[in-house]
Protein chains: 2
Amino acid sequence: MSRPNDTRNHILLTAQHLFAHSGYAATGVAEICQAAGVSKGAFYYHFPSKQDVFLELLNRWLAGIETAMQTISQQDQPIPQIFLNLTDMLPSVVQSADGQLPMFLEYWQQASRDPLIWQAMIDPYRRFRQFFTLLVQRGVEAGDFRPMEAEAAGQVILSLAVGLLLQSLLDPQGADWPALARQSVGLVIRGWERT
Amino acid sequence: MSRPNDTRNHILLTAQHLFAHSGYAATGVAEICQAAGVSKGAFYYHFPSKQDVFLELLNRWLAGIETAMQTISQQDQPIPQIFLNLTDMLPSVVQSADGQLPMFLEYWQQASRDPLIWQAMIDPYRRFRQFFTLLVQRGVEAGDFRPMEAEAAGQVILSLAVGLLLQSLLDPQGADWPALARQSVGLVIRGWERT
DNA sequence: ATCAATAAACCGACCGGTCGGTATGTAAAG
DNA sequence: CTTTACATACCGACCGGTCGGTTTATTGAT
């Protein structure tokens with residue numbers, strides 16, 4: 001039972017909450033420390049900088065998504081069903097804890113400006129795109145989908161996911177987003193199925 | 001020729017550039033003033049606060065998109081073609097000037113946190129959704145699309161647009177985004193067309 | 001078992017600098 | 001003389017990060 005590691009994780013989780021609530025720039029290190037019940041010294045003992053905390057949060061998040069997607073895609077089910085299953089886990093994967101969905105936007109924004117964050121995000125992102133493309137290909141080969149440009153189709157699915165996530169962030173109460181996601185993906189998939 | 005109005009617009013444009021480049025939080029008022037060749041006094045003469053500048057930028061942007069979409073949708077063409085035309089103008093509409101695409105993310109992020117910004121964004125956003133839904137309905141009634149849940153379909157189109165925008169922001173060089181958008185929308189639309 | 005020695009973990013005052021915003025002054029226009 | 005359209009100087013709050021010092025845990029010799 002290592003207390004230092006507990007402190008580290010506690011800082012990480014607290015920072016995640018505050019970043020999600022107020023944004024990266026608007027959240028001060030002092031604020032994180034106070035909320036975590038830890039001194040500034042402890043913070044800088046465990047992390048070289050505020051950005052470093054953010055980076056670790058991002059890496060953990062991306063790794064979590066990747067493993068979840070891998071797990072689901074290895075189910076022995078028809079491809080269209082796998083797409084629906086992936087859609088169902090979309091909300092839960094993006095928010096590892098409650099209310100963590102805003103971090104999605106925070107990650108994206110930082111990535112589009114900070115080269116370090118960008119570098120951490122771009123490779124997993126490209127793997128996601130590749131992942132969806134491969135799923136579509138498998139679907140075409142299995143005869144579930146009609147022949148089509150798999151790369152564009154994978155792009156469509158990814159865009160759909162990203163777009164839904166972003167909208168649910170803007171207007172969480174405006175719709176039943178998990179249900180809407182399922183319906184949307186279903187509508188696209190049905191248009192692709194062999195008739 | 002009103003010089004004060006020129007100054008106002010100049011401040012607005014300069015702020016837009018800087019916000020797009022470095023983000024809202026990271027761009028200081030002093031920085032805007034210096035880049036615009038104007039004193040802080042001039043800035044606060046024309047605007048009550050930094051946030052107010054942002055808000056006006058947002059309103060202009062939304063109004064621009066709305067009129068552009070209205071114009072295109074009134075073309076006398078089959079609905080599927082109108083969707084493709086809308087897709088083609090997507091890149092140009094989102095960036096009123098060069099390099100202004102990052103403002104999209106900036107607007108979204110602020111809207112998801114600041115109630116004032118949110119209020120300015122949510123109504124136009126809902127109109128956009130309604131707009132796409134109506135287009136789909138027109139398409140179904142005209143016999144271009146097979147019967148379908150128009151609301152979900154409209155949601156799909158909007159999600160696709162938002163998702164593509166966000167991705168093009170993350171990896172501008174990673175793909176030919178206008179072409180990819182056209183291909184993606186085409187792929188979805190084709191799946192909905194009457195066969 | 002005890003205790004000195006060392007390292008790890010942590011504290012909080014403090015630093016230079018930057019922030020959004022304000023107060024005051026002023027030159028030109030009407 | 002008043003109003004408009006600015007410019008300049010300045011304010012207190014806050015920022016990320018540092019630093020000298022203190023507490024706690026671990027180790028090794030006795």
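Both backbone and side-chain heavy atoms feed into the values below; hydrogens, waters and symmetry mates do not. Here is the naming used below: chain letters follow the sequence lines, and residue numbers restart at 1 for every chain.
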salt_bridge(B/R146, B/E193) N-O dist < 4.0 Å: no
Lys/Arg N to Asp/Glu carboxylate O, B/R138 vs B/D144, below 4.0 Å: no
Nearest-Å distance for atom pair [atom1]/[atom2], residues [X] and [N]:
X     : N      : atom1 : atom2 : value
A/N9  : C/dA9  : CG    : C1'   : 15 Å
A/Y45 : C/dA9  : OH    : C1'   : 5 Å
A/Q34 : C/dG12 : CD    : P     : 12 Å

OP1 or OP2 of C/dC10 under 4.0 Å from side-chain N/O of A/H46: yes
Under-4.0 Å side-chain N/O to phosphate OP1/OP2 contact, A/T7 with C/dC10: yes
Reported CG-to-CG distance for the pair A/L166 and A/L101, which is rounded to 0.5 angstrom: 9.5 Å
Heavy atoms from other residues, nucleotides or ligands near CD of B/E31 exceed 12 (cutoff 6.0 Å): yes
A/E151 atom CD, neighbour heavy-atom count above 12 within 6.0 Å: no
Base versus backbone protein contacts along nucleotides 19-30 of chain C [heavy-atom cut-off under 4.0 Å; B, S, -]: -BBB--------
Rounded to 10 degrees, the angle between the two terminal axes of the helix from C/dA1-D/dT30 to C/dG30-D/dC1, each from five pairs: 10°
Cation-pi, A/Y24 ring and A/K50 (6.0 angstrom, 45 degrees): yes
Donor-acceptor side-chain pairing of A/T133 and A/Q137 below 3.5 angstrom: no
Residues in side-chain contact (heavy atoms from CB on, under 4.5 Å) contact with A/A20, at least two apart in sequence or another chain: A/Q100, A/P102, A/M103
